[in-house]
Amino acid sequence: MKYNDRYWDEVGEVIDCIPNIEKLYGKSVLITGATGMICSAVVDVIAYLNKEEGAGIRLILAGRSEERMAKRFRDAEVEYTFVSYDATKPAEFDIRADYIIHGASNANPALYGKAPVETLLGNVIGVESMLQVARKNEGCRFLYISSSEVYGAKGQDTEPYGEQDYGTVDILNFRACYPSGKRAAETLCACYRQEYGVDFVTIRPGHIYGPSITAADTRASAAFTRDVLAGHDIVMKSAGAQLRSYCYTLDCATAILAVLTSGTSGEAYNISSPDCVISIRDLAEKLAEAGGVKVVFESPSDQERKSYNLMSNSSLKGEKLMALGWKAKYDPERGLRATLAYSGE
């Protein structure tokens, strides 16, 4: 991730997309999964608010490695408190937080086949332990980062999913470890609200891309980005006809904070903008054009095929989120240019 003045200027541009942002001022925000692609962008936005707006938000970042956390944000001038946390184990810290953003999860498709048990349990155990933290903190709001994969498949329908449009998930396919884990985690949030009064909201991102991709990320958009940055043609392992809702990381971060500050308790919000519903092939071609390379096709290996998202259409409706006052600043062309500009060391 390349931090420079231009990037921070862009962070400053997106702040006005967060309604009621002042609710976070002077509060404590605990974030799990803070070194990941999505939550690291949330950290950047909060760091900007503290530095440029005097927001006085206390950042508490939870992760498995303090060294990795320090390395991720070494050039971002972020002030934070580190707490040790592993999503596959109960949380072993007692900390005060006004808001919790739970983003820790295995989101690497290549690992779904290698570690399906850990993938499923990491979602369920991880969210349960953080809900316990929220329960102990009276008045705390808990935001769970779920996934568009909770919707499952609905045949050949190409209409975007609304928040109540659930399809089917083949529960005997090990690849269901991810969507099934996310579904169970959302239900657990609802159970904690019903039984213990925990105030929660959940967001369902589509396919997020941006310069904060990690080296271990094997999703198509991440692989495409690494190809272009290396000056190589983009290698596609399918026809790329699948419809997806793509969202640039800073837009995703402001959407999360918009729901955190303004979402209705107990409800879910898709992260999507109408201009950003495109096919995988469209994304590849736009990225190739931005990077001056070509798109080529190869047959996938059996192992690669097993890790594929089972949904041919996972595009999302974003009207509910936009009704809060949020809007996307990045269409795919701008987002992909920014991805290439700020990726790397």
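Only this structure's heavy atoms are used, side chains among them; waters, hydrogens and symmetry mates stay out. Counting from 1, the numbers follow the sequence of the chain as shown.
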Enquirer: Could you go step by step and tell me if C177 and V117 meet the side-chain contact (heavy atoms from CB on, under 4.5 Å) rule?
Expert: CA-CA 7 Å; C177 62; V117 173; over 6 Å; no

Enquirer: So how far is it from S343 OG to I213 CD1, rounded to the nearest 0.5 Å?
Expert: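 The distance works out to 5.0 Å.
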
Enquirer: Applying the 4.5 Å side-chain criterion to the ILVMFWY set and letting contacts propagate, would L61 and Y144 be lumped into a single cluster?
Expert: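 No, because L61 and Y144 fall into different hydrophobic clusters, even though each may have its own neighbours under 4.5 Å.
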
Enquirer: Write down the atom of I234, the atom of A284, and the distance for their closest heavy-atom approach.
Expert: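 Between these two residues, the closest heavy atoms are CD1-O, 3.3 Å.
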
Enquirer: Do D199 and F142 come within less than 4.5 Å of each other through their side chains, counting heavy atoms only?
Expert: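 When only atoms from C-beta onward are counted, F142 and D199 do not touch, as no gap falls below 4.5 Å.
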
Enquirer: Between R72 and S40, do the side chains contain an N or O donor and an N or O acceptor separated by less than 3.5 Å?
Expert: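 There is such a pair (donor and acceptor under 3.5 Å, judged by atom type) between the side chains of R72 and S40.
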
Enquirer: Less than 6.0 angstrom from the centroid, inside 45 degrees of the normal: does R175 satisfy that with respect to the ring of Y112?
Expert: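 Cation-pi check for R175 and Y112: fails.
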
Enquirer: For the atom pair CD1 (I95) and NZ (K136), what is the distance rounded to the nearest 0.5 Å?
Expert: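 Rounded to the nearest 0.5 Å, the CD1-NZ separation comes out at 12.0 Å.
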
Enquirer: Under 4.5 Å between any side-chain heavy atoms of I145 and C39, yes or no?
Expert: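 Counting from C-beta outward, I145 and C39 do come under 4.5 Å.
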
Enquirer: Are there over 12 heavy-atom neighbours, none belonging to D94, within less than 6.0 Å of that residue's CG?
Expert: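 Open.
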
Enquirer: Taking N313 for the side chain and E159 for the main chain, is one N or O donor matched with an acceptor at less than 3.5 Å?
Expert: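 Yes; judged by distance alone, with no hydrogens or angles, the pair exists.
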
Enquirer: Just by distance, with hydrogens left out, do N270 and S272 show a side-chain donor and acceptor under 3.5 Å apart?
Expert: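 Side-chain D/A pair, N270 to S272: absent.
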
Enquirer: Between CZ of F200 and NE2 of H102, what distance do you get to the nearest 0.5 Å?
Expert: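 Between atom CZ of F200 and atom NE2 of H102 there are 13.0 Å.
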
Enquirer: I want to check something: taking the side chain as every heavy atom from C-beta on, are H232 and V293 in contact at a cut-off of under 4.5 Å?
Expert: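 Result no, sub-4.5 Å side-chain heavy-atom pair not found.
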
Enquirer: For R64, look at atom CZ and say whether over 12 heavy atoms of other residues, nucleotides or ligands are found less than 6.0 Å away.
Expert: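 Atom CZ in R64 is not packed in, count stays at 12 or less.
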
Enquirer: When hydrophobic residues are tied together by side-chain contacts of less than 4.5 Å, even through go-betweens, does Y209 share a cluster with I271?
Expert: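 Looking at the clustering, I271 is in the same group as Y209.
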
Enquirer: Honestly curious: do V150 and L121 fall in one hydrophobic cluster under the side-chain, below-4.5 Å linking rule?
Expert: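 No, V150 does not connect to L121 through the hydrophobic network.
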
Enquirer: Any link between V259 and V42 through a network of hydrophobic side chains (Ile, Leu, Val, Met, Phe, Trp, Tyr) touching at under 4.5 Å?
Expert: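 As far as the 4.5 Å side-chain criterion goes, V42 and V259 are connected within one cluster.
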
Enquirer: If we count only N and O atoms by modelled type, under 3.5 Å, do the side chains of Y3 and E77 hold a donor and an acceptor together?
Expert: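 The criterion, which ignores hydrogens and geometry beyond distance, is not satisfied for E77 and Y3.
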
Enquirer: Between N20 and K23, is there a donor-acceptor pair closer than 3.5 Å when you use the side chain of the first and the backbone of the second?
Expert: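 Judged by distance alone, no pair lies under 3.5 Å.
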
Enquirer: Any side-chain to backbone donor/acceptor pair from T32 onto A104? Under 3.5 Å, distance only.
Expert: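 Pair found, side chain donor or acceptor close to backbone of A104.
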
Enquirer: If you measure only the distance, is there a donor-acceptor pair under 3.5 Å linking the side chains of E53 and Y25?
Expert: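 No donor-acceptor contact under 3.5 Å links the two side chains.
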
Enquirer: Which pair of non-hydrogen atoms, one from A258 and one from P19, has the smallest distance, and what is that distance?
Expert: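 Shortest heavy-atom separation between A258 and P19 comes out as CB-CD, 3.5 Å.
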
Enquirer: Report the distance from atom CG of N137 to atom CG of L30, rounding to the nearest 0.5 Å.
Expert: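 Nearest 0.5 Å value for the CG-CG distance: 8.5 Å.
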
Enquirer: Quick check against the 3.5 Å criterion: does D217 have a side-chain atom that pairs as donor or acceptor with the backbone of A222?
Expert: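 No; judged by distance alone, with no hydrogens or angles, the pair does not exist.
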
Enquirer: Side chains of E10 and Y342: donor-acceptor distance under 3.5 Å anywhere?
Expert: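 The answer is yes; a qualifying pair exists.
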
Enquirer: For K154, look at atom NZ and say whether over 12 heavy atoms of other residues, nucleotides or ligands are found less than 6.0 Å away.
Expert: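 Correct, the count exceeds 12.
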
Enquirer: May I have the step-by-step check of side-chain contact (heavy atoms from CB on, under 4.5 Å) for L340 and L287, ending in yes or no?
Expert: CA-CA 9 Å; L340 297 179; L287 186 56; 3.9 Å; yes

Enquirer: More than 12 heavy atoms of other residues, nucleotides or ligands under 6.0 Å from CD of E289: yes or no?
Expert: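 Check fails, neighbour count at 12 or below.
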
Enquirer: Please test Y248 against Y330 for ring-ring contact (aromatic ring centres under 6.0 Å, His included), starting from the C-alpha separation and ending with a verdict.
Expert: CA-CA 7 Å; Y248 182 63; Y330 292 80; 4.3 Å; yes

Enquirer: Do R281 and F297 make a side-chain contact, defined as non-hydrogen atoms from C-beta onward lying under 4.5 Å apart?
Expert: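 Yes. Closest side-chain heavy atoms under 4.5 Å.
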
Enquirer: Identify the two heavy atoms, one from C17 and one from K327, that lie closest to each other, and give their separation to 0.1 Å.
Expert: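 Between these two residues, the closest heavy atoms are SG-O, 3.3 Å.
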
Enquirer: Take K182 and E149, measure what salt bridge (charged side-chain N to carboxylate O under 4.0 Å, His left out) needs, and give me the verdict at the end.
Expert: CA-CA 8 Å; K182 290 290 187 181; E149 288 202 36; over 6 Å; no

Enquirer: Minimum heavy-atom separation for I208 and C252, please, with both atom names.
Expert: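 Nearest pair, atom of I208 first, then C252: CD1-SG, 3.8 Å.
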
Enquirer: Could you verify whether a donor N or O on one side chain and an acceptor N or O on the other, from E186 and S146, lie under 3.5 Å apart?
Expert: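 The answer is yes; a qualifying pair exists.
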
Enquirer: Would L321 and L324 count as a side-chain contact (heavy atoms from CB on, under 4.5 Å) here? Give the steps.
Expert: CA-CA 6 Å; L321 172 62; L324 298 180; 4.3 Å; yes

Enquirer: Between the side chains of R204 and S147, is a donor N or O closer than 3.5 angstrom to an acceptor N or O?
Expert: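 No pair is found: no donor N or O on one side chain lies under 3.5 Å from an acceptor on the other.
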
Enquirer: Between K71 and E67, is there a side-chain N and carboxylate O pair less than 4.0 Å apart?
Expert: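 No.
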
Enquirer: Any sub-3.5 Å donor-acceptor pair from S212's side-chain atoms to M37's backbone N or O?
Expert: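 Side chain of S212 to backbone of M37, a donor-acceptor pair under 3.5 Å: yes, one is there.
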
Enquirer: Under the 3.5 angstrom rule, does the side chain of T81 hit a backbone N or O of I60 as a donor-acceptor pair?
Expert: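 No: the side chain of T81 does not pair with the backbone of I60.
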
Enquirer: Does any non-hydrogen side-chain atom of S180 lie less than 4.5 Å from one of V169?
Expert: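 In contact.
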
Enquirer: Show your reasoning for whether side-chain contact (heavy atoms from CB on, under 4.5 Å) applies to M236 and F224.
Expert: CA-CA 8 Å; M236 290 194 64; F224 296 165; 3.8 Å; yes

Enquirer: Going by an N to O cut-off under 4.0 Å, is there a salt bridge joining R96 and D98?
Expert: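 Salt bridge flag = yes for D98 with R96.
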
Enquirer: Report, as yes or no, whether the 6.0 Å neighbourhood of atom CG on D5 holds more than 12 heavy atoms from other residues, nucleotides or ligands.
Expert: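 12 or below, so no.
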
Enquirer: Counting distance only, does the side-chain N/O of D251 pair as donor-acceptor with the main-chain N or O of K329 below 3.5 Å?
Expert: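 Yes: the side chain of D251 pairs with the backbone of K329.
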
Enquirer: Would you call W8 and K51 a side-chain contact if the rule is heavy atoms closer than 4.5 Å?
Expert: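 They are not in side-chain contact.
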
Enquirer: Looking just at side-chain N and O atoms, do D275 and S273 make a donor-acceptor pair shorter than 3.5 Å?
Expert: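 No, because no side-chain N or O of D275 sits under 3.5 Å from a partner of the opposite role on S273.
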
Enquirer: Atom CZ of F93 and atom CZ of F82: how far apart are they, to the nearest 0.5 Å?
Expert: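 Reported value, rounded in 0.5 Å steps: 10.0 Å.
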
Enquirer: What heavy-atom pair brings P205 and I38 nearest, and what distance separates the two atoms?
Expert: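 Shortest heavy-atom contact: CG-CD1, 4.3 Å.
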
Enquirer: Could you check whether Y80 and R58, counting side-chain N and O atoms only, form a donor-acceptor pair closer than 3.5 Å?
Expert: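 No, Y80 and R58 have no side-chain donor paired with an acceptor closer than 3.5 Å.
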
Enquirer: Donor-acceptor check, side chain of R219 to backbone of H207, threshold 3.5 angstrom: yes or no?
Expert: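 Between the backbone of H207 and the side chain of R219 there is no qualifying donor-acceptor contact (under 3.5 Å).
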
Enquirer: Heavy-atom distance under 4.5 Å between the side chains of P109 and Y178, does that happen here?
Expert: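 Heavy-atom side-chain distance check fails, nothing below 4.5 Å.
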
Enquirer: Can you name the nearest heavy-atom pair linking N123 to S105, along with the distance?
Expert: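 Where N123 meets S105 most closely, the heavy atoms are OD1-OG, 3.0 Å.
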
Enquirer: Do the side chain of D165 and the main chain of G162 share a donor and acceptor less than 3.5 angstrom apart?
Expert: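 The answer is yes, because a donor-acceptor pair under 3.5 Å joins these two groups.
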
Enquirer: Answer yes or no: does atom CZ of R334 have more than 12 heavy-atom neighbours from other residues, nucleotides or ligands under 6.0 Å?
Expert: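 Count over threshold, so yes.
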
Enquirer: Identify whether L143 and V14 are in the same connected component of the hydrophobic contact network (ILVMFWY, side-chain heavy atoms under 4.5 Å).
Expert: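 In one cluster with L143: V14, yes.
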
Enquirer: Classify the side-chain pair Y7/D44 by whether it contains a donor and acceptor separated by less than 3.5 Å.
Expert: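 The answer is yes; a qualifying pair exists.
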
Enquirer: Is there a salt bridge (charged side-chain N to carboxylate O under 4.0 Å, His left out) between K320 and E267? Walk through the geometry before answering.
Expert: CA-CA 10 Å; K320 186 176 178 181; E267 295 194 6; 2.9 Å; yes

Enquirer: Compare all side-chain heavy atoms of P211 with those of T249 and state whether any distance is below 4.5 angstrom.
Expert: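 Touching, per the 4.5 Å side-chain cut-off.
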
